[in-house]
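Each ligand, and each atom within it, is numbered from 1 in the order the structure gives.
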Amino acid sequence: MKVNEIRQKYLDFFASKGHQVVSSSPVVPGDDPTLLFTNAGMNQFKDVFLGFDKRPYSRATTAQKCIRAGGKHNDLDNVGYTARHHTFFEMLGNFSFGDYFKEDAIQFAWELLTEVFQLPKEKLLVTVYSEDQEAFDIWTKKVGVLPERVIRIGDNKGARYASDNFWMMGDTGPCGPCTEIFYDHGPEIAGGPPGSPDEDGDRYIEIWNNVFMQFNRDENGVMHPLPKKSVDTGMGLERISAVLQHVHSNYEIDLFVHLIAAAKAAVDQAGGNQCDPNSPSLKVIADHVRACSFTIVDGVIPGNAGRGYVLRRITRRAIRHGYKLGARTPFFYSIVKSLVQEMGSAYPELVQQEEKITEVIRMEEERFFQTIANGMEILEEAISQLGQNQPANTLDGEIAFKLHDTFGFPLDLTADVCRERNVQVDEVGFEKCMQHQRDQARAAGKFKMAQGLEYQGPATQFVGYDHLHSEQSTVLALYVD
Ligand code: ATP
Ligand code: MG
Ligand code: MG
Ligand code: MG
């Protein structure tokens, strides 16, 4: 089954269980200042869970565009390193607004996985919140999962491990205990079961989280019971696709095989000279073209603050990975075409805005290709000198600052290069330099209050290159000059 069919099967299954199929909301959340980007399917229903908003349905199902590249959920640094993380991904979800609760949610999930998708039961593992006896009993007594395959996990406060069975959208908002379903990709892959010391390996991959929405957490961390007990679930489309396509990594599913091939062709064309098709850098590029394209569709353009800066950082990271493989001229923009082919039928906004996306990325590439070679030379030189300095594995904050200030290297890009060599960046030193520069600018009366500003231009319509160029250069002038 192809990714596009799996998405549809999920939505059809929940439609057959009385759920309204609702479209994905944009990746830029409408009016939620607590959120940089949409990070879960439940975001568009936040006010419904809180009881502030009513819908004509009490059950819904979605395939939601999500970005986890900042804020509480940030997977940017996982991309290229794990088999299961993306910056942009699709979260399949089913929701109950005061309708069904734990028992139906768990039974729907089990039916979909073991009957519709026909996954072998012995490959599935389940976690429940340590204090949630009710969920434990549903799994073991009603569904019939063996008790040794249901692992109790706490809320991670002070825990040594990353597992967490109490889900929160952010520091405030709807939240509750959850139960998660993991798939065992087999003993040949390193990693232990959830809750074990080596759970961060990729053998047992979390595919589905079922959250029992019960509380609203306020700024002081106090949990207020929600007006109605509800359900919010999230299953990564790319992760379930990997399982159903009998591959281990998300990057081996049909969608990514095509994007990675397109990334390789683009890099080779730009000077890559038959780059290694298995390079993790190609995965990073294929991941990032999705995140960049979908944020541009929703009206963000690269800038120096807020969402625009996240977009700039992701774009420049992708460019740096292409550069590492030998690309010396813009290449990243040309992959957009393949993305539109892969995902345009599910997301027509990609088709409508293909030209705009391509052009915005191309302009950012042209800009960054002017400085990347000199910046990389300085960075390489600094890293090669490290052996002679103390501490040997830390890059000087001043160099990171110079790269940022003169060559347009975001700090996380420098850190990404350094990480490949087991080198860390002195972030405190970097921050000191930043502060010094701010103080000087303020003293000279030139401080431009750039922080917090963001491109507010037309969100969905591409009205022509000239217009775009002038909008963009005005905004860039505001920030950069
Ligand atoms: P992980 O522990 O693997 O980082 P998570 O616990 O942070 O995942 P949830 O917040 O529970 O993830 O999100 C629900 C589901 O969305 C996950 O079970 C997974 O299938 C999917 N998912 C989460 N983060 C990502 C990501 N960065 N890329 C792809 N899929 C993801
Ligand atoms: Mg995570
Ligand atoms: Mg998890
Ligand atoms: Mg989870």
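- Closest to atom 13 (O) of ligand 1 by heavy atom, among Q64, E199, R68, R239, is R68.
- Between the R217 side chain and the D171 main chain, a donor and an acceptor come within less than 3.5 Å of each other.
- Within ligand 1, counting atoms from 1 as listed, the ones closer than 4.0 Å to a heavy atom of M91 are 13 (O), 14 (C), 16 (O).
- Around atom 26 (C) of ligand 1, the closest heavy atom drawn from F89, W167, Y183, W208 belongs to F89.
- Between the K123 side chain and the D184 main chain, a donor and an acceptor come within less than 3.5 Å of each other.
- Residue N250 has no N or O atom closer than 3.5 Å to an N or O atom of ligand 1.
- Residue, atom and distance of the protein heavy atom nearest to atom 2 (O) of ligand 1 are E206 OE1, 3.2 Å.
- Residue E180 approaches ligand 1 through these ligand atoms, each under 4.0 Å from one of its heavy atoms: 6 (O), 11 (O).
- E365 contributes a side-chain N or O that, together with a main-chain N or O of F332, makes up a donor-acceptor pair within less than 3.5 Å.
- Proximity of a side-chain donor or acceptor of E199 to a complementary backbone N or O of G195 within less than 3.5 Å is detected.
- Residue contacts with ligand 1, taken as heavy atom pairs separated by less than 4.0 Å, involve R84 via backbone and side-chain atoms alike.
- Without hydrogens or angle criteria, S279 side chain to D276 main chain gives no donor-acceptor distance under 3.5 Å.
- Under a 3.5 Å cut-off, the side chain of D202 and the backbone N or O of A83 do form a donor-acceptor pair.
- No donor-acceptor pair under 3.5 Å is formed between the side chain of Q245 and the backbone N or O of A242.
- In this structure, the protein non-hydrogen atom closest to atom 11 (O) of ligand 1 is N209 ND2, 2.8 Å.
- The protein heavy-atom contact nearest to atom 1 (P) of ligand 1 is H85 NE2, 3.6 Å.
- Close approach of ligand 1 to G236 is summarised as follows: ligand atoms under 4.0 Å from at least one heavy atom of the residue are 16 (O), 19 (C), 20 (O), 21 (C).
- Regarding atom 28 (N) of ligand 1, its nearest protein heavy-atom neighbour is H86 N, 2.9 Å.
- Annotation: cation-pi geometry satisfied between K102 and F212 (NZ/CZ under 6.0 angstrom from ring centroid, within 45° of ring axis).
- A side-chain N or O of H321 and one of D416 form a donor-acceptor pair less than 3.5 Å apart.
- If you look at I207 next to ligand 1, the close heavy atoms, those under 4.0 Å, all belong to the backbone.
- In this structure, the protein non-hydrogen atom closest to atom 15 (C) of ligand 1 is G234 O, 3.4 Å.
- Closest to atom 27 (N) of ligand 1 among all protein heavy atoms lies D75 OD2, 2.6 Å.
- Looking at M235 next to ligand 1, no N or O pair under 3.5 Å apart turns up.
- Looking only at its N/O/S atoms, E206 has OE1 as the one nearest to the Mg ion (ligand 3).
- Under the 3.5 Å distance criterion, the side-chain polar atoms of K228 are left unmatched by any main-chain donor or acceptor of D99.
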